[in-house]
Each structure stands twice: as C-alpha cells, then as structure tokens.
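Read through the structure below, which is laid out as structure tokens, and then see the notes.
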Amino acid sequence: MESIGVLMASPVNPYLEQELDKRFNLFRLWEYPSKPEFLKSHSQSIRAVVGGVSAGADAELIQALPKLEIVASFSVGLDKIDLPKCKEKGIKVTNTPDVLTEDVADLAIGLILATLRRICECDRYVRKGLWKKGDFQLTTKFSGKTVGIIGLGRIGMAIAKRAEAFRCPVSYYTRSEKSDCKYKYYPSVVELASNCQILVVACPLTGETRHIINREVIDALGPKGFLINIARGPHVDEPELVSALIEGRLGGAGLDVFENEPYVPEELFKLDNVVLLPHVGSGTIETRQAMADLVIGNLEAHFLNKPRLTPVI
Amino acid sequence: MESIGVLMACPMNPYLEQELDKRFNLFRFWEYPSKPEFLKSHSQSIRAVVGNTFAGADAELIEALPKLEIVASFSVGLDKIDLPKCKEKGIRVTNTPDVLTEDVADLAIGLILATLRRICECDRYVRKGLWKKGDFQLTTKFSGKTVGIIGLGRIGMAIAKRAEAFRCPISYYSRSEKSDCKYKYYPSVVELASNCQILIVACPLTEETHHIINREVINALGPKGFLINIGRGPHVDEPELVSALIEGRLGGAGLDVFENEPHVPEELFKLDNVVLLPHVGSATIETRQAMADLVIGNLEAHFLKKPLLTPVFSGKSVGIVGLGRIGSAIAKRADAFGCPISYHSRSEKPNTGYKFCPSILDLASNCQILVVSCALTAETEKIIDRKVIDALGPNGILINIGRGRHVDEPELVSALLEGRLGGAGLDVFENEPEVPEQLLELKNVVLQSHVGSDTVETCKDMADLVLANLEAHFLKRPLLTPVLGDI
C-alpha cells in the first residue's frame, strides 16, 4: 500500500503521521508553500484524505482530487467535510465516534465544575499568594442544578449519565423527541434554556445548528445560567455571547471551542466567570491514540476491500 | 436567649455572625487583643462556642469556660475540638454533616478532572495567547481509571457514586471492611495506593490518620498516580508530597487542604501537574447558608431543651448512680453506643473520662436514662425520690438494677401513671416478689424478677466463690472475696 497517496490536511497527531508514513505515500499539505502548485503536481496520486477539526475536505479540494476514494476524519465532527459532494462522487467517509465520547463528556463535566466552583480562579488565587490575605469568595453549588443538553447522541447521553450522578435533573432538545428516554424533552432551544441552569451544547454542526445559541437563547438562560460548549465554535453567536458575559446577562460560560480557533475574543480574558480551553475535548494520550488507530484501520480496510470500521457514508 | 453568651472562635461567615448576633450575646474572639484578658472578664458568661476548621475548642479553651454547655462546629470535621474533654465535662458537640456532602464530593471530582485534564493550565494557556503558537499538549483520560478512596463515610460514598458514572472501578480503605459494600476493600492504605490510579483522602482527621499519606503510600501510587486531598492538610506528609511531585515520583496532585493553611508550599507554584485550591470544599453560597442554619438550629434546640439536630455524640445521655464495678461496666458498654456518660457517687473518681455530678438532682436533670447501680445503704435508701423523678421528666427513663429500696416506689408508680416519667426498666422492687399491680398494665415499663445475675455461668461462678470462701475460712487460708474480716 506504500504507493497509495494519502493527503494529510493538517498536522493533527505525530503518532498518526508516523503510522500513515509507514503504510502509505504520505503528503503533508501544510509543508507545501503553494497549495495550487501541490495539487497540480500530485492530484493524480491522492486516493485518500485524512482530515481533522481545522481542515477536512471541502468542495474545492474534492474537485481537485479526481482519484479521491475516501476521506477519513480524525474527529467525530464532520463539519469540515462536504458530505453532499462526497456522496455525489461516491467518495467514502469515516470518522472516530465512540472512542472519544467519554473524554468529551468528562471535559463537559470538568468545565461545569471549573466554571461554577471557579476552580481555575481559585488555583490562580493560591499561586498569587492571595489566600494569606483572606478566604476566596463563595461560589455556587453544582449538584442538583438542572442540566439542559442540546443533542442527545453518544456524547450528549454520556454527559447526561454523568450529570445524573450529581443528582441533576436532565432535560434536552433534539430535532425530534426520543422515545424511551427518561429525560425531559423541550421542543425548542429557547424553552430548554428557559428551564435549565446549565446549558450544554453537544450536537453536530450543520447548516441548521449554526448559531443555535443566539441572543434569545442566552437571555433565556439568564444571569444565573451557565453555557457549556464542547461542540463547535460556530454553534454560538460569539459576539453576542461575549457582550452577554461582560454585561452580566449570562452567569458564566465554560468554552472548549470558538468560532475562529485558535483566536479567542480577548475581552473574555479579564472575566472570572469563564473558563477558556484550547479545544482539548478529546485531547488525551489514550483517546488520540485510539482515534489514530481508527483512522489507520479505516484506511487499511478500505484499500483491502474489507468493511470499514466506522463508516459515515 | 439574648443574654446567653456565645463565643465565636474566628470569623467564618457573615450570615452566621449576623444571625448569632440577633439571637444571643455574641462575643467575637478575634476582636479582643488579649485572649487571656477576654477570658478573665467574660468566661463566666460563655455557655456556647461556635468553631470551624481553623479554630474550635481545644482543652485550654474548654477549661477556661466553666459555664460551657455546647460547642457547635461550622464544619463536619471535628479535629479542632477536644472531644474527650467535652465528653468528660458533659459538653455537647454538634457539627454540620450531610448539608456539605455533595459540594465536597463535587469538588473532589472537579479536582480530579482539573488535575488529569490540566484544565487550569489550559485556561492559562489560552489567556496568555499561547494557543496561537500551537496546540496544548495531550493529557490523560479520567473515565475508566481506578479510583481508591480512603474513608467511605458520607463524603467518600458520594465521591464513589460520582466516579462510578465515569466508569471508574472503585476500591477503598477504612478501619474495617464494610458489609454490603460493592466496592473492593483493601486492608491497608499502601495496598490501596498500589492498586489504584487516583487516590482520594476522605476520612476524618484523628491521631491515627495523621500523615496517613506518607512516603510509602506516595511511592506506591507512583509516577502515573494522582493524589486528591479534600480531607485535611495533616492527612498528608506535605514535605514528602512536595519532593515526590518535584522529582516526578508522583504523577500529580489536586489539593484543597494544606498542613498550614493559608500557607501553601511555594515549590508547588511552578508545577503544572498540581491544582491548588484555598480550602473551598463546602464554600458555596447554598451550602454555607445551610451549614449556618444548622449551627443556629442546634444552639436554639439546646437552649430550648429540645433534641439537638446533628449531635456528634449521638447516643442518649446516660446517668449512672454509683460508679463501682457494675456502674463502670455499664458505662463502658453505653459509651460504646456513643452515649455521653455522667455519674453521681459520694466523691469524684479520677480519670474516668465521664462527667461527675456532685448531686443526684443534677445528674437526673442532665441525662435521659438514669441507671441505679450503687450499694444500698442508709444514705442511698429512696435515693430516687419525687424530686429526682421529676428532674428526669416525661422523656426520661429510670433503670433499676440496684435494690428495690433505692426507689420510692409509690412515687415511681404515680409518676409513671401520670406520665411524669417516660418509662422504667426494673429488675428489683421494694417488696419482692410483690410488684405494684398498676405497673402490670403499663406499656412503658419492663419488669424483671430480680434476674440481674441469673445466668447459668454466673450463678455457677458465684456458687464456686461461696464454696471457696467457706473452705478458705475453715482451712485458715485467706478469704477470696472478703468484705469484712481479712481486709
């Protein structure tokens, strides 16, 4: 398989790169100063693209690779892949579901606790020597607060299960109500936001869910409400979120994703009621290795004409 | 109650202070430049102390407050209160269990996630603008890691329940294995540490648990292991912990408590594998209010002579008349049930650990169960009279395993019939085998036919003693159990 050309869109993981290099003829897109030049020279060789959260396979790239057979995403989110175009051209797509579910759910809970109990601020307080001058202020309790989840897929369910252990009543919004679900359903995000204290975004990013967290939702969540985003930056109208936080119209936010990563609105840096993380939802050694193994496994299966491990289309 | 003197050991909560001020005559210990001066002027007024994790009631303070009746702690931990001293002086103690359990358990999980997933460091990374230069390093997964808990009380169990939702296998160490417990027990902390990846301290601080996390335990936890402390700073040998972290012998630590709060070893400040919190385990608005309400509630209950809401000595108070062999044996058993013990005898006995009452009326007024176990003499005949029965009261219980004539029986009978006494357990009567018939109908009395020592084993032992004493006498040997004669 060493002659098969695989294009890696961005440097997502050293182990993955190394393993792809061993098995295939790996092209690292970021090493070429001119993307059009690269495509001119090598487009006929590329049979697979490995994408990530920042770069995948948009319509332009797909068009430029006539021999493309498969896009294997190093993520569970597919928002950087033009799925209709792939379908149209019969290009297969795989992602990395399940192996990262727990890490992302863990981080959601970690963000909730860090935001409500001000853990990062407390740690800063101690390191600055301020404890000697007085006790830290009181914060707000997590256990028992109502948690609303947008999207009740694998990650949403894992978050719900964890929140239940903290005695949190769980409610949710999805495109349609799920049967056999013990959590309370709300038919709109605004209603969900009006009826919960901690709102967690855990749905895929699509045309419909872009800016699903807008001013109306933020106002419904209110000055004692908290927003937790472990999904995609564009789920949230970021300027609206920033002004709501600065003006105190929202109680606080725990954010792992932003509209223009790695850029984070600097107005947030002076706020103590936000926790800002650099998109680390699945960023553990264990999970990234499992994700990489899934990407390799899917590619090998495809080129050996075996069933792919985690196909999307 | 505004004249009742209450001493607050240190500033702990403005709402609590305000509420205490409204109801009592509040003394703020920290406002007096000279504690000895303060005690000289006011010690006779103080009937209650309110303490917390920083300052409670040590032996010195207790000795200095002769009118002290109750210590109400604004915490669940009791390590700052001299409990044996309180028991000895009959001082009641309350704390704030349950209301803070969830907050402390939440923080334990928060510390685990913050430490393993480096949440604080990530937040710093973003705020310093470093994300533009490159992604944050990979961290380590929490879900599925083995969690070991030292102490499986309310807080330990709440932590376990939460960790289970993260698919973590749970194991624990406590002084003895718990029956009906689905978690794996290890009989020593070192074994627990060797067999888990995240070790959590959640037991009370006592002499035995001081430095329960020592070098051996830290080494057993190892370079991939994590220590989480939401117990007390002195649970951990702090210098050992610091060097283990600096040398990489321990994977990381999440700490809410330290040996010398508010001082935190500054060597920890440059480490990125630790999370350091300023003892905020129960520090939410909701919980501190609930804790304050409990403190106030307990104090009010005490001074209104109602049952305490959350007493530390949870057994009923037992008063024993006569602390001889039988009285002491009763005391030891009742003590094992957590009952505070007080006693009356002709003179105080040294070093009993029990509260001495110089008058039997005092004893009866201050206990819920009064046990007669003294010798019957001219002085002790009818020692349980109307006054004593009334002092014991409609919620009090009289137990007589002494002699029938210790009790003014007609008074006892009418008190029981009229509901002036809560109940009685009687093995002896004034005119055995006659038992007052009115007692036979009552449901709140237990009547025995003088069977105190009537077991097969004891009767045989007693008979053997009688025979041996007779033989010894007639064989001109020393008597075994003389009362008069060879003493």
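The structure presented is a predicted model; accordingly, all values stated were derived computationally and were not measured.
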TODO: Carefully, step by step, assess B/Glu102 and A/Phe142 under the rule side chain to side chain contact (heavy atoms under 4.5 Å, CB included).
DONE: CA-CA 9 Å; B/Glu102 290 185 326; A/Phe142 169 35; over 6 Å; no
TODO: Examine distances only and state if a side-chain atom of A/Asp123 and a backbone atom of B/Leu277 form a donor-acceptor pair shorter than 3.5 Å.
DONE: no
TODO: May I ask you to decide if B/Thr284's main-chain N or O and A/Arg117's side chain share a donor-acceptor pair within less than 3.5 Å?
DONE: no
TODO: Have a look at B/Thr139 and tell me which of A/Ile285, A/Thr287, A/Thr284 forms a side-chain contact (heavy atoms from CB on, under 4.5 Å) with it.
DONE: A/Thr284
TODO: Tell me, for B/Phe166 versus chain A, whether the close heavy atoms (under 4.5 Å) come from the side chain, the backbone, both or neither.
DONE: both
- [ ] Against chain A, label B/Arg127 side chain, backbone, both or neither, depending on which of its atoms sit under 4.5 Å from a heavy atom there.
- [x] both
- [ ] Would you mind checking if A/Lys145 and B/Glu286 are paired as a salt bridge, meaning a charged N to carboxylate O distance below 4.0 Å?
- [x] yes
TODO: Under 4.5 Å, counting heavy-atom pairs only, tell me which of A/Asp135, A/Ile119, A/Val264, A/Leu130 racks up the most with chain B.
DONE: A/Ile119
Task: A/Glu121 versus chain B, the contacting section by heavy-atom distance below 4.5 Å - done: neither
Task: Contact check, side chains of A/Arg162 and B/Ser143, non-hydrogen atoms, under 4.5 Å - done: yes
TODO: Using non-hydrogen atoms and a 4.5 Å limit, figure out which bit of B/Ile159 sits close to chain A: side chain, backbone, both or neither.
DONE: neither
Open item on the list: Quick check on B/Arg118 against chain A: is it the side chain, the backbone, both or neither that has a heavy atom closer than 4.5 Å?
Closed with: neither
Task: Portion of B/Leu107 that has a non-hydrogen atom of chain A nearer than 4.5 angstrom - done: both
TODO: Would you mind checking which part of B/Leu113 comes under 4.5 Å of any heavy atom in chain A, side chain (CB onward), backbone (N, CA, C, O), both or neither?
DONE: side chain
Task: Region of A/Ile109 in contact with chain B, defined by heavy-atom distances below 4.5 Å - done: both
Task: Verdict with reasoning, B/His263 to A/Trp131, per side chain to side chain contact (heavy atoms under 4.5 Å, CB included) - done: CA-CA 8 Å; B/His263 299 282; A/Trp131 193 12; over 6 Å; no
